Amino acid sequence: MPRSAFDQLAEPVRRWIWQQKWPSLRDVQEKAIPAVLAGGDIVISARTAAGKTEAAFLPLLSRIASNGRSADGFAVLYVSPLKALINDQHRRLESLCEACDILLHKWHGDVSEDAKARARKRPSGLVLITPESLEALLVRRGREAPRLFSRLDAFVIDELHAFIGTERGMQLQSILNRIEVATGRERIDRIGLSATLGDMHLAAEALRPGAGGSVSIIEGVDEGNGLKLQIRGYAIERPASADDETQDGGDERRDPFGASSVPDRLASDLFRFLRGRSNLLFAGSRVNVEIYTDRLSEMCRANSFPNEFFAHHGNLAKAMREEVEHRLRDDPRPTTAVATMTLELGIDIGDVETVAQIGPGFSVASLRQRLGRSGRRPGKPAKLRIFVPEPVAGPGDHPVDRLHLGLVQSIAMVECLLENWCEPPADAGLHLSTLIHQILAAILQTGGLKPASAWQLLCGRGPFRNVDKGLFADLLRRMAHPDVRLIEQSPQGLLMIGETGEQIAESHELYAVFMTEKEYRIIHEARVLGTYPLSSPVAPNETLIFAGRRWRILDVDDHARVIAVQPTRAGKPPYFAGDGGAIHDKIVSKMQDILAGGNVFTYLDTEAVGLLNAARSAFRDLGLHERSVIPHGEGVLVFPWAGTRKLRTLLAALLASELKGSAAWHVIEIQEVDLEGVAHHLKRIADAPPPDGITLAARLAQPQLAKFDRFLSPELMNLVTAKERLDIPELPSVASATLRNLSRVV
DNA sequence: GACCTGCTGCGGACTG
């Protein structure tokens, strides 16, 4: 008989599995156990709730158990992006660790200082920690790092996909590297737990930057039960502006289907499909979450049903979000959470009947994560319904409205999902903001280091691979500049913390690398409902929809940053600012194929089919089947059929040619020019080598998107914009593709 | 035309 995975586990681990009365090990666990026991870097990927945690920890605890228990260092460091996930995992691992006589420590901002001090005093066993708490530990107690971590057997990174390509991911990679260097270990095993992405080699590279090829990849077989899928279209008449009920009007006309209301037919369909079961409704933005929750709750009340629709987004108080999660997971009453991406990550909410979504969303990766929330019970397929409202254009409306790009993008994204493709994470970034942070952290951890060893630590061996020695020196000079004073250099040449650096080091600002906005707290009686951005002014007596309910503002205390509210009958949607995202090239190019082609998509409802046919006719009427630039009014419309970064780059290049225009959703509109004029400029851009990106970036607004961007010089900021927000190398080929067939016309 | 995440340290006084 072959030796099964189970037999390879340590005796106390096997005994614990017996006690759980599991019928068998899951597929991903069978595969992961021998791999983890053998050692090395591993990515374990499977859908949410497929047993990834146990797949890593059953063999890891077997490894530690055979090493014997000691108190001279932690054995495993588990890093999670969410405190809530640490609390979940602590509950799941408690009895297993107890059975193995291995200590288990929770370590994040809500854990008492006392518990952390005890763990530090006699370091042993498993630590479940956030990147920020780990950063705090290194920065505040850098000299203890060798004692705490020299005996580490492995790092476990949960939700690895959530870290890839982000500032926080760069910080985490840097921290892991700093620990390896501080303990004098060449490499400590890294085990990443990830959702299944299109190309798992990118996850491997994220786990071990520069050596992704040496990482083993374990993919759990999807035990799913198939997919039931529908896209529903809603042709929505534009409200005549004379009927506009709101006093402050302007926004309403610009965005009739966004922030103001839910079209009646859409509302009644949502109510019909969702009520009476447990579902997730992804509404796209926090404002939409509020509007849809309010509307659906009102429909419950109007029909004398108890409410079963609840809001869930990042500005709602944790306690309120947890009530919704708890009701979904443990309460038999039907519950629909109307949510933003807060319910995409691995928080345990059990299985839902249907995943519904308003509009196309922003990425296929996100769509896939959402879908994994449904169809987990045996014999029950995952169900996805996408509801797409489309304005029906009348004469005189903008031609782009006739293309129904929301519906076409929804189809493109579903096609990508069915092809098993999803967006690879971006990796071209310089991440200078986070590098500034890591330079400060490394100085604090070590007490001071030479510029050459700082470069080697962070860029040579560490994750900031795109920063060469010259750029690193520029950055250090900027950090030491008299206007900035983040660092200074000692007579011996050591980098030391400067005056501004001191101020940051003394505050909470030091630990997290992502940007946050200052906010008011919204309070009803003694209860905190959530937070509201300071940048959005509100006044007493104003009404507000928040947490899916209607309130009147009693008082605004700007000093204490508190808004007091009481329930009321009327309310208007809240205001949250957003950043705007970037859609991938492949999706936009597929949109062009869908509009130009004649494929039938069986998952469309009748109304969506009608809208798609109308869009395809408009595509031909406008001549877009033959060329990508068409006349419009006094100017032209340019359709590069490329993703957001390329679109933005082409616009910047055209503006640099002294043209006037702007970019909207997938389209560039240029004013006061004819086809011939635009063709001339496109041809020049297509025939020239890629321009100097820094000069092009200097023409753009430079929003400080990352936390420490405010310390960068204009030159360094232009460099960041050129690398991270534009796509300079591809500009000539984008221009040339856009130009294709235009010569026949002019 | 967006969304999400996180967070010191210390010693001495007091209580049971």
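Bear in mind that the values here come from a model prediction, so they are computed numbers and not experimental data. Just so we're on the same page: letters track the sequence lines, and every chain starts at 1. When reading the values below, keep in mind they use all heavy atoms of this one structure, side chains included, and skip hydrogens, waters and symmetry mates.
Distance CG (A:Asn315) to P (B:dT5): 9 Å, rounded to an integer number of Å. In this structure, A:Glu344 atom CD and B:dC4 atom P are separated by 10 Å, rounded to whole Å. To the nearest angstrom, C1' of B:dC4 lies 12 Å from NE2 of A:His312. Protein atom NE2 of A:His437 is 14 Å distant from nucleotide atom C1' of B:dT5, rounded to whole Å. When the P atom of B:dT5 is taken as reference, atom CG of A:Leu160 falls 19 Å away, rounded to whole Å. Distance CZ (A:Arg286) to C1' (B:dC4): 9 Å, rounded to an integer number of Å. Whole-Å rounding puts the A:Gln369 CD to B:dC4 C1' distance at 13 Å. Whole-Å rounding puts the A:Lys707 NZ to B:dG6 C1' distance at 8 Å.
The CD atom of A:Gln369 sits 11.0 Å away from the CZ atom of A:Arg47 when rounded to the nearest 0.5 Å. The structure places CD1 of A:Ile86 at 11.5 Å from CH2 of A:Trp107, a figure rounded to the nearest 0.5 Å.
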List the protein contact pattern of nucleotides 7-14 of chain B with one symbol per nucleotide (5' to 3'): B for base contact, S for sugar-phosphate-only contact, - for none; contact means a heavy-atom distance under 4.0 Å. BSSS----
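Salt bridge status for A:Arg168 with A:Glu135: absent, with no side-chain N to carboxylate O gap under 4.0 Å.
Where stacking is scored as ring centres under 5.5 Å apart with planes under 30°, A:Phe514 registers as stacked on the base of B:dT5.
Between the side chains of A:Glu423 and A:His584, not a single donor N or O lies within less than 3.5 Å of an accepting N or O.
For A:Phe362, taking side-chain heavy atoms from C-beta onward, the closest of the listed nucleotides B:dA2, B:dC4, B:dT5 is B:dA2.
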Kindly indicate, with the supporting measurements, whether the criterion side chain to side chain donor-acceptor pair (under 3.5 Å) is fulfilled by A:Glu167 and A:His437. CA-CA 10 Å; A:Glu167 298 304 328; A:His437 177 271; over 6 Å; no
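Using a 4.0 Å heavy-atom distance criterion, A:Ile583 is classed as a base contact. Residue-level contact check: A:Arg321 touches the backbone only, with heavy atoms under 4.0 Å from sugar-phosphate atoms and none from bases.
Side-chain atoms of A:Lys707 come within 3.5 Å of backbone N or O of A:Glu509 as a donor-acceptor pair.
OP1 and OP2 of B:dG6 both lie 4.0 Å or more from every side-chain N or O belonging to A:Arg168.
Not counting sequence neighbours, the partners of A:Thr446 by the side-chain contact (heavy atoms from CB on, under 4.5 Å) test are A:Leu449.
Take the nearest nucleotide of DNA chain B for A:Met515 and for A:Gly361: the residue whose nucleotide is more 5' is A:Gly361.
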